[in-house]
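Here is how names work: the chains are called A, B, and so on, in the same order as the sequence lines, proteins then strands, and each is numbered from 1. When reading the values below, keep in mind they use all heavy atoms of this one structure, side chains included, and skip hydrogens, waters and symmetry mates.
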Amino acid sequence: MLEITNLTVCYGKAMIINDISLHVDEGELVSLVGPNGAGKSTTLRAATGLVAWEKSIHRGGDGDITLQGTVEFMGKRIEKTPAHEIAKMGLIHCPERRRPFKEMSVLENLKAGAYLLTEKNEIDENLRQVYQLFPRLKERSHQISGTLSGGEQQMLAVGRAMMSSPKLLCIDEPSTGLAPIMRTEVFRKIQEIRELGITVLLVEQEVSTVFTMADRNYVLSSGKIIAEGKGEELLKDEVLRKTYLGM
Amino acid sequence: MLIDILITSLINGSTYALLAIGFSLIFGVARIVNIAHTAFYMVAAYCIYFTTYRLGFNPLSAMITGIVFVSILGLIVYKIFIAPIREHEQAVLIGTIALAIALQEIMMLIFTGDYLSVPALIKGYATILGVKVFYQQLITFASVLVVLGLMRLFLMHTKLGLAIRATAQDREVANLMGMNESRVAMMAVVISVGLAGATGAIIVPLTTVEPFMWSHPLIMMMAVVVLGGMGSIKGSFYAAFILGFAEAMVVFLIPSGAFLKGAVALSIMILVLVVRPTGLFGVQFEEEG
Ligand SMILES: Nc1ncnc2c1ncn2[C@@H]1O[C@H](COP(=O)(O)OP(=O)(O)OP(=O)(O)O)[C@@H](O)[C@H]1O
Ligand SMILES: [Mg+2]
């Protein structure tokens with residue numbers, strides 16, 4: 001479904017992603033883990049058009065942004081496709097740090113998530129589904145989202161992404177900064193989303209939980225994929241576990 | 001006297017509100033500090049003068065022509081002049097200053113520096129509490145309220161309005177939601193400049209048309225934006241009336257104080273920047289009541 005091949009991303013002289021290849025097949029839950037600064041977010045941003053967008057507005061800070069390699073989604077090359085068109089294809093990116101539209105209400109955020117949909121029925125159906133998944137959002141639907149708790153904001157971010165009827169949902173660090181109970185809750189919701197038949201690419205640092213959930217995992221370190229496989233197999237590797245996963 | 005002050009401040013305040021909201025819109029969505037905003041307002045006024053006297057349009061079609069002309073002009077100027085440098089804030093700032101002066105000089109060349117005027121939509125006046133209120137003043141005030149109401153409906157209840165607010169708050173995430181960020185920015189520019197044109201059209205029967213007519217409203221508009229909080233539409237609304245009132249007080253209460261009216265705005269602006277740099281309503285772009 002998603003096929004990243006020999007992707008390299010440089011911000012100026014710094015090579016952030018160094019020739020990585022990964023793929024996500026339909027129906028899978030795949031995780032991408034690794035330490036801070038490994039390049040996980042950048043990988044997602046490259047796949048969903050944000051790196052190309054940054055490049056187009058020269059926001060790279062010092063030096064130019066270069067993006068090499070190919071990204072394919074449902075058989076189409078998308079490495080040069082604008083972000084909003086990638087979203088239209090069903091590849092949806094739920095960004096790091098939640099980033100709700102802070103001055104809008106919960107409901108307006110969800111409507112913004114359904115921006116690409118034109119059928120009112122589909123929007124209503126998605127809203128019903130999101131509210132079922134996150135009853136909390138329904139209770140809070142008229143609250144200004146900037147005043148939600150961190151956990152609620154995370155639910156909103158995922159709910160907003162779900163509003164667009166994603167085919168592949170990329171979620172960037174949903175558990176970071178949440179209390180343990182909330183983390184468990186968020187992971188349970190991701191499991192539920194997956195059971196709805198949505199393919200998920202999950203970026204996380206909470207390795208122990210993710211490895212039990214995901215079908216396959218990629219471990220990224222300093223811009224390179226250093227291991228891939230099922231959770232239990234990866235955990236057998238002592239060096240990997242100690243050095244890169246901190247377990 | 002009090003009624004005079006009230007009427008003047010309501011009318012001036014409401015035009016400052018319209019100007020400031022247009023200015024905030026373009027700043028919020030496209031991060032463009034458009035110094036030429038009130039220059040478009042001036043162009044609309046000239047356009048109405050021209051179509052009324054040289055082409056013989058009736059007042060209403062002259063107004064509509066003015067608004068449409070200015071919106072299209074804004075779009076063209078944005079496309080060829082501002083869009084390519086949009087990510088360089090300083091360049092945009094200098095560019096819009098240059099644009100304002102260029103528009104001023106062009107009007108000067110075409111129409112000379114003469115003071116021109118445009119007839120009222122409805123002549124005559126009513127007497128309210130013993131004070132003469134021209135019908136045109138009432139029309140102007142009512143029109144501003146209608147336009148403000150329509151803007152609110154547009155921003156809160158249409159899909160493009162939603163995209164505009166989303167882009168203003170986080171354009172990267174808006175992009176991820178499938179909103180075409182550069183197209184939304186372009187639409188915001190057209191609406192903003194159209195709003196400047198509409199302000200010009202609404203106010204023109206009450207003011208003199210001349211090539212420097214953009215400078216005083218520019219100062220007032222900036223003061224409104226600073227007082228209300230950059231990017232806050234609600235803030236702009238309240239601040240506009242506060243400043244309109246302060247200005248009217250000075251003009252009416254201080255003998256021959258009219259020359260001080262710019263100073264009032266500037267003093268308030270400086271005071272706000274020193275005491276509370278985020279303005280009355282912080283930096284939020286728009287919020288549910
Ligand atoms: N716009 C940018 N300009 C320059 N360097 C950048 C930019 N974005 C990211 N980087 C650098 O790229 C590296 C990888 O960042 P990235 O955000 O992808 O890491 P991450 O794996 O998501 O980390 P975390 O777990 O902390 O979110 C970091 O060293 C970061 O400083
Ligand atoms: Mg990250």
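Atom OH of B/Tyr238 has 12 or fewer heavy atoms from other residues, nucleotides or ligands within 6.0 Å. Annotation: A/Gln191, atom CD; neighbour count of heavy atoms from other residues, nucleotides and ligands within 6.0 Å is above 12. A 6.0 Å sphere centred on CZ of B/Phe141 holds more than 12 heavy atoms belonging to other residues, nucleotides or ligands. Residue A/Glu192 qualifies as enclosed at atom CD: its count of foreign heavy atoms under 6.0 Å is above 12. By the 6.0 Å contact criterion, NZ on A/Lys189 is enclosed, its count of non-hydrogen atoms from other residues, nucleotides or ligands being greater than 12. Counting heavy-atom neighbours within 6.0 Å of B/Lys159 NZ, excluding the residue itself, gives a total above 12.
The closest side-chain heavy-atom distance from B/Val173 to A/Pro95 is below 4.5 Å. Side-chain atoms of B/Glu172 and A/His93, non-hydrogen and from C-beta on, never get closer than 4.5 Å to each other. In this structure, the side chains of B/Arg171 and A/Ile57 come closer than 4.5 Å at one or more pairs of heavy atoms.
The minimum heavy-atom distance between A/Ile92 and B/Leu176, with the atom names listed, is CD1-O, 4.5 Å. Heavy atoms only, all atoms of each residue included: B/Asp170 and A/Phe101 are closest at O-CE2, 3.7 Å. Residues B/Leu162 and A/Glu108 come closest through the heavy atom pair CD1-O, 4.0 Å. The shortest heavy-atom contact between A/Met104 and B/Ala166 is CE-N, 3.3 Å.
Ranked by non-hydrogen atom pairs under 4.5 Å with chain B, the options A/Lys111, A/Arg160, A/Lys88 are led by A/Arg160.
Atom OH of A/Tyr115 sits about 6.0 Å away from atom CE of B/Met179, to the nearest 0.5 Å. Distance check: B/Gln169 CD to A/Ser145 OG gives 7.5 Å after rounding to the nearest 0.5 Å.
Here A/Arg97 pairs with nothing under the side-chain hydrogen bond (donor to acceptor under 3.5 Å, both in side chains) rule; sequence neighbours left out.
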